[in-house]
J.: 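Starting off with a structure, shown below.
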Amino acid sequence: MRTIDDLDVSGKRVLVRADLNVPLQDGAITDDGRIRASLPTIGRLRERGAKVIVCAHLGRPKGEVRPEFSLAPVAARLGELLGATVRFAADVVGDSARDAAAGLADGEVALLENLRFEAGETSKDDAERGAFADRLAALAELYVGDGFGAVHRKHASVYDVPERLPHAAGGLIATEVEVLKRLTEDVARPYAVVLGGSKVSDKLGVIENLLGKADRILIGGGMVFTFLKAQGHEVGKSLLEEDQLDTVRGYLRRAEESGVEFVLPADIVAATAFAADADHGVVSADAIPADRLGLDIGPESGKLFAERLADAATVFWNGPMGVFEMEPYSHGTRAVAQALAGSGAFTVVGGGDSAAAVRQLGFEESGFSHISTGGGASLEYLEGKTLPGLQALED
């Protein structure tokens with residue numbers, strides 16, 4: 001896979017597909033981690049005299065122009081972090097985008113409006129997607145793929161544009177691939193995987209694949225209640241995927257047969273409602289009251305998980321242990337982050353909510369070996385799937 005150092009970018013218009021899908025609240029960015037992660041590649045291109053045209057998506061506007069999904073706040077923040085003016089195009093491939101691209105001097109940066117305002121970006125129809133890719137590619141002379149969080153999507157800006165322009169991987173994608181190879185090829189052991197988040201169904205493929213690779217798998221978050229129910233325990237009003245119970249029983253059986261250790265919580269923080277001020281308390285994981293729902297792993301579970309991570313040489317963590325956004329239910333996630341921070345193991349935080357939790361809970365990013373920008377993309381890589389965006393960059 002070629003990198004940006006393999007391209008002659010001086011004086012050239014370079015289209016950079018970045019991942020700037022940041023969380024917004026009332027129009028304000030609440031976590032700029034993905035913008036910061038894009039800075040090294042953009043900065044490197046600027047230093048080498050490129051005219052940098054950045055494109056990205058935000059949310060799921062589904063092919064419609066929706067002001068709440070505008071990248072305007074991202075353009076402002078990107079400019080602050082770069083210490084330079086970032087021209088913002090009010091459209092994706094229209095007059096504003098063409099003017100912004102044509103008006104760039106060497107080393108200057110423009111950001112196009114949300115790619116997903118255009119239906120062609122995500123279309124499953126090859127012709128429609130290709131027509132949009134033609135217009136997007138026409139803005140530039142070279143292409144750099146650096147949005148790892150989108151490489152598992154067969155979208156125009158990720159898959160089709162690289163077919164139309166000389167292309168290379170940005171530093172972020174190159175780093176992500178290098179890290180993920182360390183989780184799949186010649187892994188340092190013991191290898192522990194921590195999985196959380198809300199749904200088992202989101203993690204089926206990765207659990208399936210990791211049963212043959214990991215030494216132990218620790219389960220928390222909303223998905224844990226399907227595991228507890230599969231073991232015959234009462235889970236009250238907790239999140240439950242009834243249709244996955246047989247699958248989960250199969251995983252537990254296979255893990256036992258293959259010597260992979262499954263670690264489930266010993267206790268749970270259960271509340272009367274999904275609210276920070278709801279009545280809540282710690283209960284045994286096998287005795288959740290019928291009128292309560294679990295919103296975090298309990299303190300004994302936090303200690304148990306820390307113990308089972310203490311000797312690990314490699315750890316991959318994807319998904320919070322509870323509703324970390326609410327303080328009463330943040331302690332399980334904090335316990336896992338604390339166990340990994342500065343542990344000496346090769347620790348990878350698998351993007352999405354896990355990365356947001358690490359930052360929100362005040363942990364220094366330098367305490368972890370790598371914080372991924374691509375939750376879904378990381379999981380699909382670990383499932384062994386071919387990722388269209390990576391495939392396009394390799395061709």
Side-chain angles (χ1 to χ4, degrees), residues 3-4 7 9 11-22 24 29 32-59 69-94 96-118 121 132-133 135-151 153 155-162 164-174 176 373-374 389 393:
T3 69
I4 54 176
L7 296 178
V9 301
K12 304 282 183 61
R13 296 188 311 279
V14 181
L15 183 69
V16 179
R17 188 7 168 140
D19 180 8
L20 305 177
N21 189 25
V22 295
L24 294 174
I29 297 167
D32 66 1
R34 286 181 171 174
I35 303 176
R36 290 180 180 276
S38 72
L39 297 179
T41 292
I42 295 172
R44 176 75 175 135
L45 291 169
R46 291 182 68 212
E47 288 169 8
R48 296 177 59 205
K51 301 170 182 180
V52 185
I53 306 160
V54 182
C55 63
H57 75 277
L58 180 64
F69 291 117
S70 174
L71 281 171
V74 175
R77 183 59 179 149
L78 179 59
E80 290 174 2
L81 293 170
L82 287 173
T85 299
V86 172
R87 299 183 183 215
F88 181 62
D91 55 31
V92 186
V93 289
S96 182
R98 287 191 294 272
D99 289 346
L104 289 174
D106 295 357
E108 290 188 337
V109 181
L111 175 64
L112 307 180
E113 185 53 285
N114 192 340
L115 286 164
R116 292 187 183 175
F117 284 178
E118 295 279 348
E121 164 67 1
F132 172 65
R135 298 177 68 194
L136 189 58
L139 297 174
E141 298 159 272
L142 301 170
Y143 173 89
V144 170
D146 207 41
F148 183 75
V151 294
R153 307 294 188 194
H155 291 171
S157 65
V158 174
Y159 181 76
D160 300 276
V161 174
R164 289 156 169 78
L165 293 172
H167 53 266
L172 179 60
I173 278 187
E176 293 276 5
T373 56
L393 292 175

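None of the values given here were measured: they were computed from a predicted structure. For the numbers below, each heavy atom of this structure counts, side chains included, while hydrogens, waters and symmetry mates do not.
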J.: Quick one: does Leu71's side chain get under 4.5 Å of Phe88's, heavy atoms only?
T.: yes
J.: Are side-chain heavy atoms of Val92 and Cys55 found at a separation under 4.5 Å?
T.: no
J.: What I'd like to find out is whether the side chain of Ile4 reaches to under 4.5 Å of the side chain of Val14, using heavy atoms alone.
T.: no
J.: Locate the shortest heavy-atom distance separating Gly149 from Asp19; write the atom from each residue and the value.
T.: CA-OD2, 3.4 Å
J.: Looking at side-chain heavy atoms only, is the closest gap between Leu165 and Leu142 below 4.5 Å?
T.: no
J.: Side-chain contact test, heavy atoms from C-beta onward, threshold under 4.5 Å: evaluate it for Leu112 versus Leu136 and give yes or no.
T.: yes
J.: If you look at every heavy atom in Ser157 and Tyr143, which pair is closest and at what distance?
T.: O-OH, 2.6 Å
J.: Run the side-chain contact (heavy atoms from CB on, under 4.5 Å) test on Arg36 and Arg77 for me, step by step, so that the C-alpha distance in whole Å, both residues' side-chain angles and the decisive distance to 0.1 Å come before the verdict.
T.: CA-CA 10 Å; Arg36 290 180 180 276; Arg77 183 59 179 149; 3.1 Å; yes
J.: Side chain to side chain donor-acceptor pair (under 3.5 Å) with Ser96: which residues, sequence neighbours excluded?
T.: none
J.: Would you name the heavy atoms of Ile53 and Ala140 that are closest together and state the gap between them?
T.: CD1-CB, 4.3 Å
J.: Within the distance-only criterion (no hydrogens, no angle test), does the side chain of Glu121 pair as donor or acceptor with the backbone N or O of His155 below 3.5 angstrom?
T.: no
J.: Between atom CG of Leu39 and atom CZ of Arg46, what is the distance when rounded to the nearest 0.5 Å?
T.: 10.0 Å
J.: I'd like to check the salt bridge (charged side-chain N to carboxylate O under 4.0 Å, His left out) partners of Arg135; sequence neighbours left out, ordered by chain and number.
T.: none
J.: To the closest 0.5 Å, what do you measure between CG (Leu58) and CZ (Phe117)?
T.: 7.5 Å
J.: Is any side-chain heavy atom of Leu104 closer than 4.5 Å to a side-chain heavy atom of Val52?
T.: no
J.: Has Arg98 got a side-chain atom pairing as donor or acceptor with Val93's backbone, closer than 3.5 angstrom?
T.: yes
J.: Check step by step if side chain to side chain donor-acceptor pair (under 3.5 Å) holds for Thr41 and Asp146.
T.: CA-CA 8 Å; Thr41 292; Asp146 207 41; 3.0 Å; yes
J.: Between Asn114 and Phe69, is there a donor-acceptor pair closer than 3.5 Å when you use the side chain of the first and the backbone of the second?
T.: yes
J.: Sequence neighbours excluded, which residues qualify as side chain to side chain donor-acceptor pair (under 3.5 Å) partners of Arg164?
T.: Asp134
J.: Mind listing the closest non-hydrogen atom pair of Ala137 and Val161 along with its distance?
T.: CB-CG1, 4.1 Å
J.: So how far is it from Thr373 OG1 to Phe148 CZ, rounded to the nearest 0.5 Å?
T.: 7.0 Å
J.: Taking Arg13 for its side chain and Ala102 for its backbone only, find out whether a donor-acceptor pair lies under 3.5 Å.
T.: no
J.: Return yes if some donor-acceptor pair links the side-chain N/O of Arg34 with the main-chain N/O of Asn21 below 3.5 Å, else return no.
T.: yes
J.: Give a yes or no on whether the backbone of Ala97 and the side-chain of Asp91 come within a donor-acceptor separation of less than 3.5 Å.
T.: yes
J.: Which of these passes side chain to side chain contact (heavy atoms under 4.5 Å, CB included) with Arg17: Val151, Leu115, Val54?
T.: Leu115
J.: Does any N or O in the side chain of Asp106 come within less than 3.5 Å of the main-chain N or O of Lys51, such that one atom is a donor and the other an acceptor?
T.: no
J.: Do side-chain atoms of Glu113 reach the backbone of Ser70 as a donor and acceptor pair under 3.5 angstrom?
T.: no
